[in-house]
Q: 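The structure under discussion is supplied below as structure tokens; questions concerning it will follow.
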Amino acid sequence: MKTLFVEQFNELSVFEMCYKTQRPLLLKGPTGCGKTQLVEFMAQKLNRPIIKVACNEDTNAADLLGRFILKNGETVWQDGPVTQALRLDAILYLDELAEAREDVVVALHPLTDHRREVYLDKIKEVVKAGSDFMLVASYNPGYQHGLKEIKPSTRQRFVGLTLDYLKFEKEVLVIKEISNIDPKVAIQLVTFANKIRNMKDLVLKETISTRLLINAAIFIKNGFEIRQACVVTIAESLTDDKDTLMALKDLIHIHF
């Protein structure tokens, strides 16, 4: 299925220049603003395979680079996703890089500078990136957990690109195109989202993303009543706090 991405800040040109000049790219922005969508869209445009890694604090270097495993009674080496991406000349997408442990990030440093390689110490092999390999990472500065940040020594190895939620008309277009919903309903959804995004007194760790609006639109398109769809796909996804959830439900019933 073809991926849709609507450009807002010259994202496609920046991505393509990084690919052309073999520079790693760091995508910054809130949850659901289109970071993964951009990577998938460009992978299709550049005709490259894509390997995604969801970084977290439990991931270690062996999980990414590879390890020995027992297979059919024999000990064999198995490449990790980073090594696989290098061998395939793929686009490697490290989602939520700030969540990775520091030793993991350091192990990837040789991949982000002029060397463009990783060293597999267990098998004494250096795997170098080909001309079509590209490293893309993402994180949500100030949005997740509040304390997790990427160190300057790592950040400066990347070209940076900040994404944000789409402007009104473009967000309506994306929701309409992906869900095939009535344009009037798409307008209602985006209007509601912008209202919530601008409410400073509503305590939310994350605000309404385009992803959540698409989920709501798909539910509505497939027969869900609009208020019920918004409750389960938006309100319930944003918070577990009873008071905040009740406030969101009230706002949904007032708006729709």
Q: Using every non-hydrogen atom in the two residues, find where Q8 and K170 come nearest and quote the distance to one decimal.
A: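 Closest approach of Q8 to K170, heavy atoms only: CA-NZ, 3.8 Å.
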
Q: Please confirm whether R23 makes a cation-pi placement over F158, using NZ or CZ under 6.0 Å from the six-membered ring centre and within 45° of the ring normal.
A: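 Output no; distance or angle outside limits.
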
Q: Could you check if a side-chain atom of F5 sits within less than 4.5 angstrom of a side-chain atom of M42, using non-hydrogen atoms only?
A: no

Q: Check whether any side-chain heavy atom of L25 sits under 4.5 Å from a side-chain heavy atom of V14, and report yes or no.
A: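 The answer is yes, as the side chains (C-beta and beyond) meet within the 4.5 Å cut-off.
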
Q: Does the H255 side chain pair with the main chain of L189, one donor and one acceptor, at a distance under 3.5 Å?
A: no

Q: Would you call D241 and L245 a side-chain contact if the rule is heavy atoms closer than 4.5 Å?
A: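 D241 vs L245: side chains apart.
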
Q: Going by heavy atoms in the side chains, are L204 and L248 under 4.5 Å from each other?
A: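 Result yes, sub-4.5 Å side-chain heavy-atom pair found.
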
Q: Let me know which of K35, K45, K52 forms a side chain to side chain donor-acceptor pair (under 3.5 Å) with E40.
A: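 Between E40 and the candidates, side chain to side chain donor-acceptor pair (under 3.5 Å) is satisfied uniquely by K52.
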
Q: Any side-chain heavy atom of I234 sitting closer than 4.5 Å to one from I208?
A: yes

Q: Under 6.0 Å from the CD atom of E102, do we count more than 12 heavy atoms belonging to anything else shown?
A: yes

Q: Measure the OG1-CG distance between T31 and N140 for me, rounded to the nearest 0.5 Å.
A: 4.0 Å

Q: Quick one: are F256 and C230 in side-chain contact, heavy atoms under 4.5 Å?
A: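 Answer yes - side chains close enough.
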
Q: Would you compute the distance between atom CG of N10 and atom CD of E16 and round it to the nearest 0.5 angstrom?
A: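 One finds 11.0 Å between CG of N10 and CD of E16.
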
Q: When rounded to the nearest 0.5 angstrom, what is the spacing between CE in M246 and CG in L251?
A: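 These two atoms lie 12.0 Å from each other.
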
Q: What's the separation between atom CG in L12 and atom CD in E7, rounded to the nearest 0.5 Å?
A: 4.0 Å

Q: Determine the sole option in V136, L108, I51, L26 for which the side chain to side chain contact (heavy atoms under 4.5 Å, CB included) test with L94 is passed.
A: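 Output: one option passes, namely L108.
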
Q: Between atom SG of C18 and atom CD1 of I91, what is the distance when rounded to the nearest 0.5 Å?
A: 11.0 Å

Q: Decide, yes or no, whether a salt bridge links D182 with K184 under the criterion of side-chain N to carboxylate O below 4.0 Å.
A: no

Q: What's the verdict on salt bridge (charged side-chain N to carboxylate O under 4.0 Å, His left out) for R115 and D113, showing C-alpha distance, side-chain angles and the deciding distance?
A: CA-CA 5 Å; R115 290 170 288 181; D113 58 29; 2.6 Å; yes

Q: N56 and E96: side-chain donor and acceptor closer than 3.5 Å?
A: no

Q: Take a 6.0 Å sphere around CG of N222 and say whether it holds more than 12 heavy atoms from other residues, nucleotides or ligands.
A: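 More than 12 within 6.0 Å, yes.
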
Q: Please check if atom CG in D240 has more than 12 non-hydrogen atoms from other residues, nucleotides or ligands closer than 6.0 Å.
A: no

Q: Apply side chain to side chain contact (heavy atoms under 4.5 Å, CB included) to V39 and F15, showing your working.
A: CA-CA 9 Å; V39 178; F15 195 110; 4.3 Å; yes

Q: Kindly assign one of parallel, tilted or perpendicular to the pair W77 and F68, based on the angle between their ring planes and the thresholds 30° and 60°.
A: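 Rings of W77 and F68: perpendicular, over 60°.
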
Q: Nearest 0.5 angstrom please: T83 OG1 to L65 CG, how far?
A: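 Rounded to the nearest 0.5 Å, the OG1-CG separation comes out at 5.0 Å.
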
Q: Could you check whether the rings of F219 and F224 sit parallel, tilted or perpendicular, using 30° and 60° as the cut-offs?
A: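 Judged by the thresholds at 30° and 60°, the geometry between F219 and F224 is perpendicular.
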
Q: Do D63 and V53 pass the side chain to side chain contact (heavy atoms under 4.5 Å, CB included) test, and can you show the C-alpha distance, the side-chain angles, and the key distance before you say yes or no?
A: CA-CA 10 Å; D63 293 329; V53 178; over 6 Å; no

Q: Is the number of heavy atoms from other residues, nucleotides or ligands within 6.0 Å of CE (M199) greater than 12?
A: yes

Q: With a 4.5 Å cut-off on side-chain heavy atoms, are R48 and M134 touching?
A: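 Side-chain contact under 4.5 Å: no.
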
Q: Does one side chain, of Y165 or T210, offer a donor that lies under 3.5 Å from an acceptor on the other?
A: no

Q: Taking the side chain as every heavy atom from C-beta outward, state whether K128 and L86 have any atom pair closer than 4.5 Å.
A: no

Q: So, the side chain of T191 versus the backbone of I187: is there a donor-acceptor pair under 3.5 Å, distance only?
A: yes

Q: Which atom pair, heavy atoms only, marks the closest approach of A216 to A229?
A: O-CB, 4.0 Å

Q: Looking only at side-chain N and O atoms, does Y139 offer a donor or acceptor that is under 3.5 Å from a partner on D95?
A: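 No, no side-chain donor-acceptor contact under 3.5 Å.
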
Q: Between R197 and E171 (salt bridge meaning N to carboxylate O under 4.0 Å), is one present in this structure?
A: yes

